[in-house]
Amino acid sequence: MPASAAGAAAGAEGRGRGSAIGPYTVLRGLDDEASGIPVPERRFIGRSADGDRTVLISAPLPGADPGRFLAEAETSRYLLGPWSSPATEVAAPGDAPWHARPYVPALPLPAALTVHGGPLPERTVRALGAALAETLAIGHGQDLAHAGVSPAAVLLAADGPRLTCFGAVRAAAGDGAPRSGLPGLESGSLPPEEAAGGRPHPAGDVYALGATLAYAATGYTVPEREELPAALRSVVTACLSRDPAARPRPAELLDALGPAPGPPAPGAGAAGPPTPAAGLDRAGPLSSASGLDPAGPLSSASELGPAGNPAGRAVALLGPGWLPGRIIAALARQSAELLAATLPVPPAPQD
């Protein structure tokens, strides 16, 4: 192992409360290893020495390539959209690798299922899928494949999800090298073409999104079709097609999962639950009548609004009640614990 990788591995080991990562002191870890869901990076909540800033810190797994880890963090700075989670700080050249973003109270999706006591309600899964599809649509419009969507990459906050772990698949191994079974990569969320060493692409993000929604709805990334809620069955199974060209585009998923765009007709009553778009066959995959290339970037102006946002449609599903009460209570506890946390007092200097 190169010296830089060995140093990164040593730095990632044994980080607990009071240890330092860059300019931050670790208050606690974010992930629960007992969930059994692989996490592609080590994540901590930390605070600056002056106590003014609390951040979510990421560091590579032991043995990971620190150069690839930092390169993906740098690229993530360009991500747009309200549910993306770009790095805002990155380790200086020559320092142990880490990156950070502002902290918001959030639970990783596996932890949320544990708190809830099982799979999430359909309303929550639908809102989650719409927000993540919106995020992917924006990223693909920037010619950026996320290449890191998985249950662990999704954080649930009170105002909506955050998609983290940008570039995890690329960071795990370069193109041409098999990725199946590598540390940190959840096998059910890894598109088959990328598991075999193929270059990550937008259609791979859609596969991973389908696996993540399957996990949210059933507790498994590769459930039997019959285990999926009937209303979500077609959209999830379409995402999980082994043929990348047969997978829907994120904008089509937003049509299927989210509310219809535009204001209600005059005199219309309260909106009911969102209904699938006309292209979604409940018994089969999404229609590919759009003629758009599922593996390529967005090119249609109708898919993104003037500000590069698909009309902000996901937010309509993220109102009060989108998260179950137990998860909201867990977020409140996390926030209260961190507000009460104090930085460890450094040891007194020895005479």
Side-chain angles (χ1 to χ4, degrees), residues 38 40-41 72-73 75-76 78-86 109 125 128-155 161-173 175 179-180 184-216 221-222 235-258 285-286 288 290 292-300 303-304 308-310 314:
E41 56 193 27
E72 296 296 339
T75 302
S76 81
Y78 297 95
L79 292 171
L80 301 173
W83 320 120
S84 64
S85 187
L109 182 57
V125 178
L128 175 64
L132 296 181
E134 184 173 285
T135 300
L136 293 179
I138 296 170
H140 296 173
Q142 298 176 266
D143 287 340
L144 295 174
H146 189 278
V149 181
S150 72
V154 175
L155 307 182
R162 301 294 190 276
L163 184 57
T164 67
C165 300
F166 178 83
V169 173
R170 289 184 293 261
D175 297 344
R179 300 183 178 98
S180 182
L185 299 184
E186 201 282 315
S187 60
S189 307
L190 189 60
E193 66 274 11
E194 295 176 18
R199 181 183 181 86
H201 53 85
D205 288 344
V206 172
Y207 182 98
L209 173 57
T212 299
L213 296 182
Y215 177 82
T221 52
V222 284
V235 69
V236 171
T237 55
C239 293
L240 293 175
S241 172
R242 295 188 68 82
D243 178 6
R247 298 169 196 157
R249 293 169 60 87
E252 293 176 305
L253 295 176
L254 190 54
D255 286 340
L257 295 167
L286 287 176
S288 58
S290 64
L292 299 173
D293 176 9
L298 289 172
S299 58
S300 170
E303 294 176 29
L304 295 181
N309 188 327

(message) My understanding is that only residues two or more places apart in sequence, or in another chain, count here; which of them pass side-chain hydrogen bond (donor to acceptor under 3.5 Å, both in side chains) with Ser76?
(response)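 Partners of Ser76 by the side-chain hydrogen bond (donor to acceptor under 3.5 Å, both in side chains) criterion come out as none, since no residue qualifies.
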Quick one: pull up [atom1] in [X] and [atom2] in [Y] and give me the separation to the nearest 0.5 Å.
| X | Y | atom1 | atom2 | result |
| --- | --- | --- | --- | --- |
| Leu213 | Leu132 | CG | CG | 6.5 Å |
| Leu209 | Ser150 | CG | OG | 11.5 Å |
| Thr221 | Tyr215 | OG1 | OH | 9.0 Å |
| Arg249 | Asp205 | CZ | CG | 12.0 Å |
| Glu134 | Ile138 | CD | CD1 | 5.0 Å |
| Leu109 | Leu128 | CG | CG | 6.5 Å |

(request) Before giving the answer on side chain to side chain contact (heavy atoms under 4.5 Å, CB included), spell out for Val149 and Leu136 the whole-Å C-alpha distance, their side-chain angles and the decisive distance to 0.1 Å. (result) CA-CA 10 Å; Val149 181; Leu136 293 179; 4.1 Å; yes
Please give me the minimum heavy-atom distance between [X] and [Y], naming the atom from each residue.
| X | Y | value |
| --- | --- | --- |
| Ala238 | Pro248 | O-CD, 3.5 Å |
| Thr212 | Ser189 | OG1-OG, 4.5 Å |
| Pro244 | Arg242 | CD-O, 3.3 Å |
| Ala152 | Pro38 | CB-O, 3.4 Å |
| Leu254 | Ala130 | CD1-O, 3.5 Å |
| Gly210 | Leu240 | C-CD2, 4.0 Å |

(request) Check the pair Thr75, Phe166 against side chain to side chain contact (heavy atoms under 4.5 Å, CB included), reporting the backbone distance first and the verdict last. (result) CA-CA 9 Å; Thr75 302; Phe166 178 83; 3.7 Å; yes
(message) Please enumerate all residues that pass salt bridge (charged side-chain N to carboxylate O under 4.0 Å, His left out) together with Asp243, with sequence neighbours excluded.
(response) none
(request) Could you tell me whether Glu72 and Arg170 have a side-chain N and a carboxylate O separated by less than 4.0 Å? (result) yes
(message) Under 4.0 Å between a side-chain nitrogen and a carboxylate oxygen: does that hold for Glu193 and Arg247?
(response) yes
Main-chain N/O of [Y] paired to [X] side chain as donor or acceptor, under 3.5 Å:
| X | Y | result |
| --- | --- | --- |
| Thr164 | Ala153 | yes |
| Arg162 | Ser84 | no |
| Gln142 | Leu144 | no |

(message) For a side chain to side chain contact (heavy atoms under 4.5 Å, CB included) check, start with the C-alpha distance between Trp83 and Thr135, then their side-chain angles and the critical distance, and finish with the verdict.
(response) CA-CA 6 Å; Trp83 320 120; Thr135 300; 3.2 Å; yes
